[in-house]
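This report refers to the structure that appears directly beneath it.
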Amino acid sequence: MTFANEGSAQGRIVLDRGDILLPQKSYLATPIELTVKDGYITDIEGETDAQLLRDYMESFNDPEAYAISHIGWGTQPRAQWSTMSLYDKERTIAQEARAFAGNFLFSTGPNTEGGGSRDCACHIDIPMRNCSVKVDDRTVVEKGKIIAHAPL
């Protein structure tokens, strides 16, 4: 995993059905499209799941909640995407959802653990499925499958 350089991330992130929102511990039923400018989510578009995410983030009344925190990919072959569905939401922190092999983990909010200056109460981890991940032009995950295990 790595922490984004503050204020540098740009682009569009499309969350699909089955991707996971944490701490909500929910699988998305509808896609969400996030617009990112200068390191912050500036727009959240979509249906019910987007509205729930927008409402949750707004409730903190903190612009830092929308900042890009860290990114990474899951490497634990014993962790399963589906496991969260087997537990009562109150009895799990859904760590398997963050670790299952081949996921792309996108997070918002605080970055102090990575040496950054942003500290805020709203932190969202979003494990995404079926993504491809490149590091320095080297593909490490292709369509949700780990293809590079050696150190980078």
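We're numbering straight along the sequence, starting at 1.
Among all heavy-atom pairs drawn from Glu96 and Gln80, the shortest one is OE1-N, 2.7 Å. The shortest heavy-atom contact between Ser117 and Asn111 is N-OD1, 3.3 Å. What you find for Ala99 and Ala79 is that their closest heavy atoms are C-CB, 4.0 Å. A pairwise comparison of heavy atoms in Arg17 and Arg129 identifies O-NH2, 3.5 Å as the closest pair.
Inter-residue side-chain proximity for Tyr66 and Thr108 is flagged as unmet; no heavy-atom pair is nearer than 4.5 Å. The shortest side-chain heavy-atom distance between Ile13 and Met128 falls under the 4.5 Å cut-off. Contact annotation: the side chain of His70 approaches that of His123 to within less than 4.5 Å [non-hydrogen atoms, C-beta and beyond]. Residues Glu47 and Pro31 are not in side-chain contact: their nearest non-hydrogen atoms beyond the backbone lie 4.5 Å or more apart. When side chains are defined from C-beta on, Asp38 counts as touching Gln10, because their heavy atoms get closer than 4.5 Å. Glu142 is listed as a side-chain neighbour of Ser132, based on a closest heavy-atom distance under 4.5 Å.
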Worked check of side-chain contact (heavy atoms from CB on, under 4.5 Å) between Ile32 and Leu53: CA-CA 9 Å; Ile32 299 174; Leu53 178 60; 4.2 Å; yes

List the steps and the verdict of side-chain contact (heavy atoms from CB on, under 4.5 Å) for Val141 and Ile147. CA-CA 6 Å; Val141 177; Ile147 61 169; over 6 Å; no

side-chain hydrogen bond (donor to acceptor under 3.5 Å, both in side chains) assessment of Asp125 paired with Ser107: CA-CA 4 Å; Asp125 283 336; Ser107 300; 2.5 Å; yes

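With sequence neighbours excluded, the residues that form a ring-ring contact (aromatic ring centres under 6.0 Å, His included) with Tyr27 are Trp81. For Phe60, the ring-ring contact (aromatic ring centres under 6.0 Å, His included) test picks out Tyr56, with sequence neighbours left out. In this structure Tyr40 satisfies the ring-ring contact (aromatic ring centres under 6.0 Å, His included) test with no other residue, sequence neighbours excluded.
In this structure, Ile71 is a member of the same hydrophobic cluster as Leu15, with clusters built from ILVMFWY side-chain heavy atoms closer than 4.5 Å. Linking ILVMFWY side-chain heavy atoms closer than 4.5 Å, directly or via other members, places Leu22 and Ile44 in two distinct hydrophobic clusters. No path of Ile, Leu, Val, Met, Phe, Trp and Tyr side chains, each step under 4.5 Å between heavy atoms, connects Ile93 with Tyr87, placing them in separate hydrophobic clusters. Leu52 and Ile20 end up in different hydrophobic clusters when Ile, Leu, Val, Met, Phe, Trp and Tyr side chains are linked at under 4.5 Å.
Within the 3.5 Å criterion, the main-chain N or O of Leu28 finds no donor-acceptor partner in the side chain of Asp49. Without hydrogens or angle criteria, Ser85 side chain to Ser82 main chain gives a donor-acceptor distance under 3.5 Å.
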